[in-house]
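The structure appears right after this line, and notes come after that.
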Amino acid sequence: MTLNMHIKLFATLLIIPLANIAFGQYNFRDSILDVNNVSAQINPSGTQFYNSNSGGAFEVPINSNRSTIFSSSLWLGGVDVNNSLHIAAEINPEQGVDFFPGPLPLSPLIHIDSATSEIYNRVWHIMKEEVDEYLLKYQNPLYPEYIIPESILGWPAHNYISGYNYYLAPFFDVDNDGYYNPFGGDYPDIRGDECIFFVFNDQLNYHSSTGGADLLNFEIRGMAYAFNCPENDAFHNTVFLNYKIISRSDISFYNMSCGIMTDFDIGYPTDDYVGCDVQRNCYYGYNADDWDNNLPGNSGYGYYPPAQATVILVGPKADDDGIDNTMYDEFGNPNLDFSTNGINCGDEIVDNEKYGMSRFASITGGGNPAMSDPQTAIEFYNYLRGYWRDGSPFCYGGTGHPSGGGNTSIPARFLFPGNSDPVFWGTNGIAVDAWDENTAPNYPGDRRGLGISGPFTMHPGHIKEIDIAYVYARSQTDEINSVELLLSYVDEIRNAFVSNQTPCGNEIIHTQMQKNTTAGLQIKLFPNPANQFINISFSNLDYQSVNVIIRDINARVMGSYKISDIIQENIIDVSAYPEGIYIVEVKSKSQTSFTKLSVMR
């Protein structure tokens, strides 16, 4: 098939009948991540895990009819050179919509229209096994009946609408020609064992969530993913999310903050607390006691209820300042700034630092109006900057508000951090006792958490990224409570993300391209046909170890071998193989090759 034929096919796959858009009450074309113990609905918008019919769509354990999250949303806000506020943020679509499906035109003078947005009112769902099968079978003479699936053919690598960025979803360009062509070996660059790509913006329509706030003109590309790693409890109960935030504006924004709001409903929604961990860059929701209520319409967890965390794995890049920001100064004193928990701080590299969680806010569903859901642009921005809805600064103790026992002489950058802030960054260096909702004590209720990264600057064309993990844990023993177990899971997820390696042997972010071509790597088998043993050797290999998989003609794996010494001939015992034809697959980090083996006696 020619490239032009492929483009026409992609356009056909892209422009399909879509649900109608009703602004303020959005009908999203969503999909579900469910490769592990979590079933999570992903929407082509700024609010995830929300279903317009049932509310919370973050079911865990899977098929349990119980959930820990009602919704989780992206918040972005900053001011222009005239100090005018521009913001886009949501609680959930029931309370207003600021984000809409689709990318934005390259020129800020051109606006996306409803027809284009409707085209992108969908998500692109793909499994890693589909990519692996493509790499194994496409143009492989051993699999003449293989057909490339729609998930690969219809991958939205390019935007064919005039005036838009031609490149959209990431892909591996095997032949380096700049075009996505699966018929030439190109394939989607995804994360996880299950992956969903989507794109949205804040430009299309009136910001009904933030009360008509001025637009940012940002395009956001999202990728949600999960791993099928049942032998590891942390990964088995985690969903990941990456946002790439692109400014299509023609003006700069200052004092920008990026927030991730999570509306926790740990089963029954009105008996919860929230807390945060400064060092781990996470916040979490948990039940206020050892029993989660179970009432009609709200399936509770009963005894030993779980805890749910939102983790900022990597926040937006900090503005350049010409130095390597470190946690401590030359005299050993804490600097009390974002280097306390930032990424790449103190690595002796200048201006590569990224934010972790630089603030944490708690928002109540009901109760004190000053601490409840924001309704206007300035109220949303207040939360992003460490102020309550009424403009009061967060303060240490009680509920964190002056009316709820907060000490106005002690600031609080982080609400309810427990003892996770050993240098007291959150209180400007003032030593304080551990503080959480349980010991405050506060009344349980419906809680939202807001993890904040910033401030930073967004100039026209700037791109910022944020990586998030949603981690669930449930301890059903008196030896460790669910929050303690949760934080141990968070450690596992954060360490794996830094090392870029899951416990099941997968990369989280692909660092090298695999090819479905046999060019380069050569395999030699001797004798062939074989009787008892074969000697296998290699040439044109780009790495010092390989994996060898031998399959029968029905693709059943007969043997799998890891060979580290590729200089010598290596002997493989095939004496137990029945007579017949076998496929030998050899894989290095970036090469794959096949050959035939005949066993005869």
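The residues of the chain are indexed from 1 along the displayed sequence.
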Please confirm whether the backbone N or O of [Y] pairs with a side-chain atom of [X], one donor and one acceptor, at under 3.5 Å?
{"X": "Q95", "Y": "N92", "value": "no"}
{"X": "R389", "Y": "P369", "value": "yes"}
{"X": "H236", "Y": "C229", "value": "no"}
{"X": "D98", "Y": "E90", "value": "no"}
{"X": "W155", "Y": "P170", "value": "yes"}
{"X": "H111", "Y": "Q203", "value": "no"}
{"X": "W388", "Y": "G400", "value": "yes"}
{"X": "N382", "Y": "D390", "value": "no"}
{"X": "W435", "Y": "L415", "value": "no"}
{"X": "D202", "Y": "N217", "value": "yes"}

Close side-chain approach of [X] and [Y], heavy atoms under 4.5 Å:
{"X": "F58", "Y": "Y470", "value": "yes"}
{"X": "I246", "Y": "I220", "value": "no"}
{"X": "P305", "Y": "R474", "value": "no"}
{"X": "F70", "Y": "D446", "value": "no"}
{"X": "S72", "Y": "T47", "value": "no"}
{"X": "Y286", "Y": "N481", "value": "no"}
{"X": "Q308", "Y": "I266", "value": "yes"}
{"X": "D436", "Y": "Y273", "value": "no"}

Run the disulfide (SG to SG under 2.5 Å) check on C282 and C276 step by step: do they pass?
CA-CA 6 Å; C282 76; C276 76; over 6 Å; no
Salt bridge flag under 4.0 Å for residues D271 and R447: no
Exercise. Does the distance from a Lys or Arg side-chain N to an Asp or Glu carboxylate O, for R494 and E492, drop under 4.0 Å?
Worked result: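 Salt bridge absent between R494 and E492.
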Point-to-point distance, once rounded to the nearest 0.5 Å, from [atom1] of [X] to [atom2] of [Y]:
{"X": "I260", "Y": "S453", "atom1": "CD1", "atom2": "OG", "result": "8.0 Å"}
{"X": "I190", "Y": "E130", "atom1": "CD1", "atom2": "CD", "result": "8.0 Å"}
{"X": "M261", "Y": "S73", "atom1": "CE", "atom2": "OG", "result": "4.0 Å"}
{"X": "I126", "Y": "S151", "atom1": "CD1", "atom2": "OG", "result": "4.0 Å"}
{"X": "Y180", "Y": "H158", "atom1": "OH", "atom2": "NE2", "result": "9.0 Å"}
{"X": "D263", "Y": "I363", "atom1": "CG", "atom2": "CD1", "result": "9.0 Å"}

For the residue pair F99 and H207, is the inter-centroid distance of their aromatic rings smaller than 6.0 Å? no
So salt bridge (charged side-chain N to carboxylate O under 4.0 Å, His left out) across residues 360-373, not counting sequence neighbours, yields D373-R448
Closest heavy-atom contact between [X] and [Y]?
{"X": "I452", "Y": "L384", "value": "CG2-O, 3.4 Å"}
{"X": "I148", "Y": "P182", "value": "CD1-O, 4.0 Å"}
{"X": "T210", "Y": "A89", "value": "CG2-O, 3.6 Å"}

Flag for [Y]-[X]: side-chain donor and acceptor within less than 3.5 Å:
{"X": "T116", "Y": "D113", "value": "yes"}
{"X": "N36", "Y": "N228", "value": "no"}
{"X": "S420", "Y": "Q279", "value": "no"}
{"X": "D292", "Y": "N294", "value": "no"}
{"X": "N51", "Y": "Q41", "value": "yes"}
{"X": "E194", "Y": "H125", "value": "yes"}

Would you please classify the geometry between the [Y] ring and the [X] ring as parallel, tilted or perpendicular, with 30° and 60° separating the classes?
{"X": "W75", "Y": "Y383", "result": "perpendicular"}
{"X": "F240", "Y": "F497", "result": "parallel"}
{"X": "Y134", "Y": "Y187", "result": "tilted"}
{"X": "F200", "Y": "Y243", "result": "perpendicular"}
{"X": "F218", "Y": "F253", "result": "perpendicular"}
{"X": "W124", "Y": "Y120", "result": "tilted"}

Please determine whether the number of non-hydrogen atoms from other residues, nucleotides or ligands lying under 6.0 Å from atom [atom1] of [X] exceeds 12.
{"X": "K317", "atom1": "NZ", "value": "yes"}
{"X": "Y206", "atom1": "OH", "value": "yes"}
{"X": "I147", "atom1": "CD1", "value": "no"}
{"X": "E231", "atom1": "CD", "value": "yes"}

Exercise. Stepwise, does the side-chain contact (heavy atoms from CB on, under 4.5 Å) test hold for D272 with N287?
Worked result: CA-CA 4 Å; D272 297 337; N287 216 71; 3.4 Å; yes
For this session: Would you sort out whether E59 and S67 count as a side-chain hydrogen bond (donor to acceptor under 3.5 Å, both in side chains), showing the intermediate values?
Result: CA-CA 4 Å; E59 182 188 46; S67 66; over 6 Å; no
Give the intermediate values and the outcome of side-chain hydrogen bond (donor to acceptor under 3.5 Å, both in side chains) for residues T399 and Y443.
-> CA-CA 9 Å; T399 64; Y443 288 109; over 6 Å; no
Review point. Given the rule in the salt bridge (Lys or Arg N to Asp or Glu O under 4.0 Å) test, do E219 and R221 qualify, once you have shown the distances and angles that lead to the verdict?
Key: CA-CA 7 Å; E219 172 184 320; R221 301 176 183 180; 2.8 Å; yes
| task | Determine, stepwise, if the pair E465 / N242 fulfils side-chain hydrogen bond (donor to acceptor under 3.5 Å, both in side chains). | result | CA-CA 7 Å; E465 283 194 68; N242 169 268; 3.0 Å; yes
Candidate pair L241 and M223, rule side-chain contact (heavy atoms from CB on, under 4.5 Å), full reasoning:
CA-CA 6 Å; L241 189 58; M223 185 172 284; over 6 Å; no
**OP:** Go through the steps to decide whether Y283 and F360 satisfy the test ring-ring contact (aromatic ring centres under 6.0 Å, His included), and finish with yes or no.
**Re:** CA-CA 8 Å; Y283 61 95; F360 171 67; 5.1 Å; yes
* To do: Could you give me the CA-CA distance, side-chain angles and deciding distance for H510 and F172, then say whether side-chain contact (heavy atoms from CB on, under 4.5 Å) is met?
  => CA-CA 10 Å; H510 295 300; F172 284 114; 3.8 Å; yes
